[in-house]
Structure formats: C-alpha cells, structure tokens
Amino acid sequence: MTQTAIGEAVPEMLFVPEVAQILRRSVDSVRWLINTKQLKAGKLGGRVTIRRRDLEDFIASAFEGV
C-alpha cells in the first residue's frame with residue numbers, strides 16, 4: 001500500500017466496483033472498458049483486479065493533447 005499526502009493508506013490493487021466509483025461509472029461500463037482492452041486488468045484469486053497505476057494511466061491518457 002502507498003500513502004496519500006495526508007497519510008491515508010491507498011491500496012495498489014482495486015476491484016471493479018472500486019474503479020467504477022472512482023470513475024463515476026457503472027460496474028458494467030468498467031467491465032466493458034476491460035473487455036475492450038481500454039483498461040488493463042488481471043485476475044487474482046478469481047476476482048478481476050486493476051492496478052492503481054493502470055487506472056491512473058487510463059485517466060491520464062484521456063487528457064493527452066488537451
């Protein structure tokens with residue numbers, strides 16, 4: 001786990017519902033992003049997980065050229 005500037009612990013791996021909340025999208029739309037290879041994801045223990053770094057890269061790519 002990493003920490004924010006104010007010392008809060010932040011998990012390195014996120015589950016689909018957590019990513020949906022961060023992106024303010026539905027769980028189904030996050031699954032669509034994963035299935036269309038727009039958002040990198042993997043399976044750990046049978047659950048789909050997204051690395052925080054990959055989510056941050058996805059968000060940053062939306063603002064490239066802006």
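Follow the hydrophobic side-chain contacts under 4.5 Å out from V30 and you never reach F15; the two are in separate clusters. M13 and I50 fall into different hydrophobic clusters, where Ile, Leu, Val, Met, Phe, Trp and Tyr residues are linked whenever their side-chain heavy atoms come under 4.5 Å apart, directly or through other members. Cluster annotation: V27 is connected to V48 through the hydrophobic network of ILVMFWY side chains, with a link wherever side-chain heavy atoms come within less than 4.5 Å.
The structure places CD of E18 at 10.5 Å from OG1 of T49, a figure rounded to the nearest 0.5 Å. Atom CG of residue L39 and atom CG of residue L23 lie 7.5 Å apart, to the nearest 0.5 angstrom. For the atom pair D54 CG and E12 CD, the distance stands at 10.5 Å (nearest 0.5 Å). Taking CD1 from I22 and CZ from R25, the interatomic distance works out to 13.5 Å, rounded to the nearest 0.5 Å.
The backbone N or O of L14 sits nowhere less than 3.5 Å from a side-chain atom of R52 that would complete a donor-acceptor pair.
Atom CD of Q38 has more than 12 heavy atoms from other residues, nucleotides or ligands within 6.0 Å.
No side-chain heavy atom of V19 sits under 4.5 Å from any side-chain heavy atom of L33.
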